[in-house]
Amino acid sequence: MTATKEDGRRARGQRSREAILAQAVALASVHGLDGLTLGRLAEAAGVSKSGFFAHWRDKEELQLDAIAWAHRQWVDLIVRPALLEPAGLRRLLALHEHRIRFYTDGILPGGCFFFAAQVEYDDRSGPVREAVARALSDWLAFLERLVAEAVALGELPEGTDTAQLAYEIDALGETSVTHARLLRHGDDEPRAYAMARRAVLHRLRGLATDPSLLPEG
């Protein structure tokens, strides 16, 4: 086989793998990682069941790759856009707003892959649980670094509890998902998302050494 044909075969294989993982993350946001049955995923991805074994040896390996794919999606659609904003409070608020926009745009049918995975695996053990826990730990650490950055820039006061504020911001993001999906009010379904955005904005403005850095409402 020529190099060109081999490269083409690999590219097709990679596209197939990515398409399957995209469907896996979407399905897991609704049915959980344990709900990733070969039949359900094959139907959603439009591939044969046998095609899966060209990419994954077993279900656990697929679950771990789905977590990694969901992490990359989170970084691409939430973290990277926020990092374009000036460091400090504006970047911190932008991160929360991009997260809320991820939910309101309906990127995933279940709202949030990671929230669903955390609820599913918080009382379990094993590699999948460890990967889910590591993703949450990394996310909280990243939030805390942005808070610390705002403190270092003088936009938040010295002595700000960085871990506490990071926890509050994350908790408001998580809560908005369940409230928006369980407490539906017709066309007002996004109200929970608007409230979560406003809650973080008001919290940051209340702590800011210069509230004018952030919008008022």
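Just so you know, these numbers use all the heavy atoms, side chains as well, and skip hydrogens, waters and symmetry mates.
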Checklist entry - Leu33 and Gln63: which non-hydrogen atoms are nearest, and at how many Å? => result O-NE2, 3.0 Å
Item to check | Sub-4.5 Å side-chain heavy-atom contact between Glu174 and Phe114 | outcome: no
Checklist entry - Going by heavy atoms in the side chains, are Leu92 and Leu143 under 4.5 Å from each other? => result yes
Next on the checklist: Looking at Asp105 and Arg101, is any side-chain nitrogen of the basic one under 4.0 Å from a carboxylate oxygen of the acidic one?
Outcome noted: no
Next on the checklist: Give me the atom names and distance for the closest heavy-atom approach of His96 to Ala196.
Outcome noted: NE2-O, 3.1 Å
Checklist entry - Looking at Asp138 and Arg145, does any basic side-chain N land under 4.0 Å from a carboxylate oxygen? => result no
Checklist entry - Without hydrogens or angle criteria, can the side chains of Glu144 and Thr162 be said to hold a donor-acceptor pair below 3.5 Å? => result yes
Item to check | Side-chain donor or acceptor of Arg205 paired with backbone N/O of Pro211 under 3.5 Å | outcome: yes
Next on the checklist: Between the side chains of Glu18 and Arg72, is the shortest nitrogen-to-carboxylate-oxygen separation below 4.0 Å, so that they form an ion pair?
Outcome noted: yes
Checklist entry - Should Arg17 and Asp65 count as an ion pair when the cut-off is N to O under 4.0 Å? => result yes
Checklist entry - Side-chain contact, heavy-atom cut-off 4.5 Å: Asp34 with Tyr121? => result yes
Checklist outcome for this item: Nearest heavy-atom contact between Pro81 and Asp76 is CD-O, 3.4 Å
Item to check | Nearest heavy-atom neighbours spanning Pro127 and Leu64 | outcome: O-CD2, 3.6 Å
Item to check | Minimum heavy-atom distance Ser176-Ile100, with the two atoms named | outcome: OG-CD1, 3.7 Å
Checklist entry - Counting N and O atoms only, with roles assigned by atom type, does the side chain of Ser29 sit under 3.5 Å from a partner on the main chain of Gly110, one being a donor and the other an acceptor? => result yes
Checklist entry - Looking only at side chains, do Arg99 and Tyr103 share a donor and an acceptor under 3.5 Å apart? => result yes
Checklist entry - Heavy atoms, side chains only, cut-off 4.5 Å: are Leu27 and Leu36 in contact? => result yes
Checklist entry - What are the two closest non-hydrogen atoms of Leu93 and Pro215, and how far apart are they? => result CD2-CD, 4.0 Å
Checklist entry - Is Trp74 close to Cys112 at the side-chain level, that is, under 4.5 Å between some pair of heavy atoms? => result yes
Checklist entry - Nearest 0.5 Å, what's the CG-OH distance between Leu140 and Tyr167? => result 9.5 Å
Item to check | Over 12 non-hydrogen atoms of neighbours within 6.0 angstrom of CZ in Arg124 | outcome: yes
Item to check | Spacing of Glu155 atom CD and Arg90 atom CZ [to the nearest 0.5 Å] | outcome: 5.5 Å
